[in-house]
Q: 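Once you've had a glance at the structure underneath, I'll fire off some questions.
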Amino acid sequence: MGKLRIVVAGALAATVLYSVGPSAAGAAPQLTAAPARPATGSSVAHLPGTPSTDLPLRTLARKHGLGFGTAVDMDVLDSDPEYREHVSREFSAVTAENAMKWESLEPTRGEYNWGPADELVEFARRNGQKVHGHTLIWHNQAPAWLNEGVADGSISSAELRDIVRNHITTVVKHFRGKVRAWDVVNEAFTDGDNPVLRDSIFLQHLGPNYIADALRWAHAADPNAKLFLNDYAIDNINPKSTAYYELAKQLRKQRVPLHGMGFQGHLDLQYPLPIDAPQNLARFDRLGLQTAFTEVDVRYFLPVDTYKEAGQVGSFNTLLQACLLTPRCVMFTVWGFTDKYSWVPGWFEGQGGATPMDENFQPKPAYRGLQQVLAVAADPNSRRGF
Ligand code: G3I
């Protein structure tokens, strides 16, 4: 007896697949419910009258003028054809997960390793994708020679300033015209109720104006690149996002070339949903800034269950809807799209499942939720121009 597949959309798109399958000879067919693992492609039946949502995320996002991206692990892009195929089909934007960071580009002082980053730029060109450059200045993943030189005093403050200016100039010029936007400074503020600029070697030796200087140096190297600041735990209105709002307001007033604010969007189901994300992004938009969700994933303590699946759908959808409600929100990027290669399990013990596809590249309810939000008709802000 063939299988009759009925798809019943449950709350929060936690679709449950019922199948009436072959049963013991002569016995009535059994109706069994199985947790949703919707198949890829149009084999998933749609409720009559609903628009087809089973299109790649980049295709659905294009109607909104929105770039839909993913972080890309270059080792995996080279070694896993299925990963590679999904990156090209699903996304209109790519961010190097590590290949464009300072330690990767200049592991030895004065010796640049452009290979993996150039490969991503070429991959993006071939696939009609735009590149989001990540990241020029960050207190993490700076090269060892830099940290050691500053620590032992062999690199003076004046020399560090020259080194930073040279790094930004060299990298931005190398990718000039090939990288749409840069996270010029990443994670500049501390966390908590009284955020201050992180006590990094950049603040210590270049002073608080290092951020404005970095933006100016990047702009001089590529006047057409959009220059962002980027951080985590700033998706809702809180002291840290307000610190960025005040900094952005000051930089814009000083006519420093700041063009956008990146909200990383690393969510965790144990913490409250950033439900006021639209109001948060709106205040940056009112400054004339572009906004973007740059590293979205939604982790939880394993094992998964339908409540966690539903919470993940709601979390991804909250951020995507906040972006669509913001006229200059130009990009929504997930920090990896498959649980097969997520950074989360290695950093948060016992947690995982943070991406929209499972370890077999099968769409999870979170993926279906993103499709459905993007498939929603008319969008007054659809001329984002990504
Ligand atoms: O490349 C080396 C490899 O040669 C070595 O054998 C291996 C074991 O030591 O380490 C490899 O480097 C690792 C690198 O990822 C590449 O895989 C580093 O140890 C590891 O620390 C690094 O983790 C990255 C992390 O940033 C570092 O803070 C993650 O992949 C990356 O997803 C994560 O991304 C950051 C964003 O850049 C900024 N926002 C937060 C986000 C998550 O932390």
Q: With a 4.0 Å cut-off, would you call Asp191 and Lys240 a salt bridge?
A: yes
Q: Suppose we call two aromatic rings close when their centres sit under 6.0 Å apart. Are Tyr210 and Trp217 close by that rule?
A: no
Q: Could you check whether Phe284 and Tyr244 have their ring centres less than 6.0 Å apart?
A: no
Q: Just checking, is any N or O donor in the side chain of Ser104 or Asn98 under 3.5 Å from an acceptor N or O on the other one?
A: no
Q: Verify the ring-centre separation between Phe361 and His86: is it less than 6.0 angstrom?
A: yes
Q: List for me each residue that meets side chain to side chain contact (heavy atoms under 4.5 Å, CB included) alongside Pro274, sequence neighbours excluded, and say none if there are none.
A: Asp235, Asn236, Leu267, Leu319
Q: Looking at Asp285 and Arg328, does any basic side-chain N land under 4.0 Å from a carboxylate oxygen?
A: yes
Q: Does a side-chain N-to-carboxylate-O contact under 4.0 Å join Asp80 and Lys340?
A: yes
Q: Verify the distance criterion only: is there a donor paired with an acceptor across the side chains of Asn140 and Glu103 at less than 3.5 Å?
A: no
Q: Check each of Phe68, Tyr367, Tyr83 against Phe337 using the ring-ring contact (aromatic ring centres under 6.0 Å, His included) test, and report the only one that passes.
A: Tyr83
Q: What is the ring orientation for Trp335 with His134, classed by angle as parallel under 30°, tilted 30 to 60°, or perpendicular over 60°?
A: perpendicular
Q: I want to check a possible cation-pi pair here: Arg299 against Phe348, using under 6.0 Å from ring centre and within 45° of the ring axis as the test.
A: yes
Q: CD of Gln254: more than 12 outside heavy atoms within 6.0 angstrom?
A: yes
Q: Using the benzene-type ring in the case of Trp, are the ring centres of His266 and Trp343 under 6.0 Å apart?
A: yes
Q: Are Asp268 and Gln270 linked by a side-chain donor-acceptor pair shorter than 3.5 Å?
A: yes
Q: Under a 4.0 Å threshold between the charged nitrogen and the carboxylate oxygen, would Asp118 count as salt-bridged to Lys178?
A: no
Q: Any chance you could lay out the side chain to side chain contact (heavy atoms under 4.5 Å, CB included) test for Trp138 and Trp102, step after step, and finish with the verdict?
A: CA-CA 8 Å; Trp138 187 25; Trp102 198 338; over 6 Å; no
Q: Please determine, by modelled atom types, if His205 and Ser157 share a side-chain donor-acceptor pair under 3.5 angstrom.
A: yes
Q: Using a distance-only test with no angle check, is there a side-chain donor-acceptor pair under 3.5 angstrom linking Arg283 and Thr242?
A: yes
Q: When you check the gap from the basic side-chain N to the acidic O, do Arg109 and Glu159 get nearer than 4.0 Å?
A: yes
